[in-house]
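Below you'll find the structure, written out as structure tokens, and then a few comments.
By convention in this document, chain letters (A, B, ...) are assigned in the order of the sequence lines, proteins followed by strands, and residues within each chain are numbered from 1.
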Number of protein chains: 2
Amino acid sequence: MPYRETEKMRNRKAEARKRIIECTYECVSDGGFRSAQITRVAACAGVATGTIYRHFESKEHLFAEIFRIATQREVDKVAEALATEGNAVTRLETALRQFAERALRGPVMAWSLIAEPVDPKVEEERLKFRRAYAELFEQAIKEGIGENSLPDQDARQSSTCLVGAIAESLVGPLSPAQTGGTDQTDNNDHDPLVDSIICFCMQGLTGTRR
Amino acid sequence: MPYRETEKMRNRKAEARKRIIECTYECVSDGGFRSAQITRVAACAGVATGTIYRHFESKEHLFAEIFRIATQREVDKVAEALATEGNAVTRLETALRQFAERALRGPVMAWSLIAEPVDPKVEEERLKFRRAYAELFEQAIKEGIGENSLPDQDARQSSTCLVGAIAESLVGPLSPAQTGGTDQTDNNDHDPLVDSIICFCMQGLTGTRR
DNA sequence: AGAAAGAATGAATAATGATTCACTGCTTAT
DNA sequence: ATAAGCAGTGAATCATTATTCATTCTTTCT
């Protein structure tokens, strides 16, 4: 038996795979799935187009993986914000702000995850993504109702409206390609846009103006 | 001068044009702009592909026209609902319901108008469409603030959130292709889905639970 | 009827982009 | 050193669609 896969090879392959994933992620962040052609991804990763197909069954599979990764990152952040101390209303506000700020910082990716049309396999992932969000917010809203900090309401529906209001506010105006060069990496503190979105959302939830 | 365009010919051309528009509209309602290939539209209209190009400079121009028509129809309905008697809050509620119900009845078209990626020429029309909505709702919200039936707020931002909340509620869950056969042409009166969306939206606007 | 002009046609072309596969070149184990 | 086998390559292929244009109808007017 003259050849047997060894640790070294496994590592090398894993690294190539990782590099492909990273480059695809970058392409998507930059121009959406549409702009992440295999040729471009391959060039960016410094491999031949054929190599992509040694690591992923098809473009759809690659995209599904990217989607899963990107999504997990976002959902985790929101889950984290929802897991802190405090009453449901405060935690929800923190989480919504987290969500909105992250989307605002990466609007193209946000648009890709929320609204860009994708192939069926990827759309499946999107459904899971939506469900994950819906469940997180829903859970928190239900807790709020339980502790009487929120009025009784259709938690699932409210959660959907929250995501929609934020998405439209960010992705609508800022989406297509007009996310002109203005880099803003220091935008950690306060954005008036985010503030007024959150204001509408919290009011939609609580029925109270702060 | 052996040939001069006559009334009869003008009519015939106008009819062909109309037929092309209708068929494109139908295709878009059915599967979005993506699915409205020139070949299919031509087949549906009973003309050759080349004929399309006698009536429209390019696919983009044709789509832009369709978009304009579809959009006008929706905006008019909302404007109409906002032009009735009553205070701003009531009129807004009627208008939102109108918007939501129409979108729910034609979710694919709604998605195409709101979120489907389209070519630049069509995207331009979309911007006008957004602006038209924003202005209508904004105006009404401002009236509400003026007559004290609404608390002071960023009218433009609220209007965006309204559109987003409704769009996500309808297009998110119901959008892609899973708008399975269930025809509902008699859905004129009350849909619980619409009710709870409107509830969230009105609360977001008014800060009051009904 | 016949000539001029436009309208309609649809097969051919062009452009884009995913996927394949025959080949080259490394790794491994003897 | 060398044979076996897998990894990498990228030009060629296939698929999909918009668009063109040489050709064939139709209409109009004398």
Exercise for review: Check whether any side-chain N or O of Arg34(B) sits under 4.0 Å from OP1 or OP2 of dT17(D), and answer yes or no.
Suggested key: no
Review point. Just checking Thr49(B): base, sugar-phosphate only, or nothing, at a heavy-atom cut-off of under 4.0 Å?
Key: base
Review point. Rounding to a whole Å, what distance do you find between Met9(A):CE and dC6(D):C1'?
Key: 9 Å
Check your understanding: Please give, in whole Å, the distance from dG8(D) P to Arg17(A) CZ?
Key -> 13 Å
Practice item. State whether Lys13(B) places a side-chain N or O below 4.0 Å from either non-bridging phosphate oxygen (OP1 or OP2) of dA8(C). Key: no
Review point. How do Ala16(A) and Thr6(B) order along DNA chain D: which one's closest nucleotide is nearer the 5' end?
Key: Ala16(A)
Review point. So, Lys121(A) and Glu57(A), do they make that salt bridge, N to O below 4.0 Å?
Key: no
Check your understanding: Between Lys8(A) (NZ) and dA29(C) (C1'), how many Å, whole number?
Key -> 14 Å
Review point. Taking the nucleotide of DNA chain C with the closest heavy atom to each, which residue, Glu60(A) or Glu7(A), is nearer the 5' end?
Key: Glu60(A)
Point to revise | Approximate separation, where rounding is to 0.5 Å, of Phe99(A) CZ and Leu104(A) CG | key: 11.5 Å
Point to revise | Distance, rounded to the nearest Å, where Tyr53(B) contributes OH and dT19(D) contributes C1' | key: 5 Å
Review point. Tell me: CZ of Arg54(A) to C1' of dC23(C), nearest whole Å?
Key: 12 Å
Review point. Is any side-chain nitrogen or oxygen of His55(A) closer than 4.0 Å to OP1 or OP2 of dG8(D)?
Key: yes
Review point. Which whole-number value in Å describes the distance from Asp119(A) CG to dT16(D) P?
Key: 13 Å
Point to revise | Sidechain N-carboxylate O distance under 4.0 Å for Glu74(A), Arg102(A) | key: yes
Revision key, fill the gap. Of Val47(A) and Gln37(B), the one whose closest nucleotide on DNA chain D sits nearer the 5' end is Val47(A)
Exercise for review: Ignoring backbone atoms, test whether Arg12(B) places a side-chain nitrogen or oxygen under 4.0 Å from the OP1 or OP2 oxygen of dT26(D).
Suggested key: no
**Study point:** Phosphate OP1/OP2 of dT9(D): any Thr51(A) side-chain N/O under 4.0 Å
**Key:** yes
Check your understanding: Is it true that Arg91(B) and Glu80(B) have a side-chain N and a carboxylate O under 4.0 angstrom from each other?
Key -> no
Practice item. Please state whether the rings of Tyr133(A) and Phe129(A) are parallel, tilted or perpendicular, taking 30° and 60° as the class boundaries. Key: perpendicular
Exercise for review: Answer yes or no: does a side-chain N or O of Lys59(A) lie under 4.0 Å from OP1 or OP2 of dG17(C)?
Suggested key: no
**Study point:** Atom-pair distance (CG on Leu62(B); P on dT17(D)), nearest Å
**Key:** 16 Å
Review point. What is the distance, rounded to the nearest whole Å, between atom CD1 of Ile38(B) and atom P of dT16(D)?
Key: 18 Å
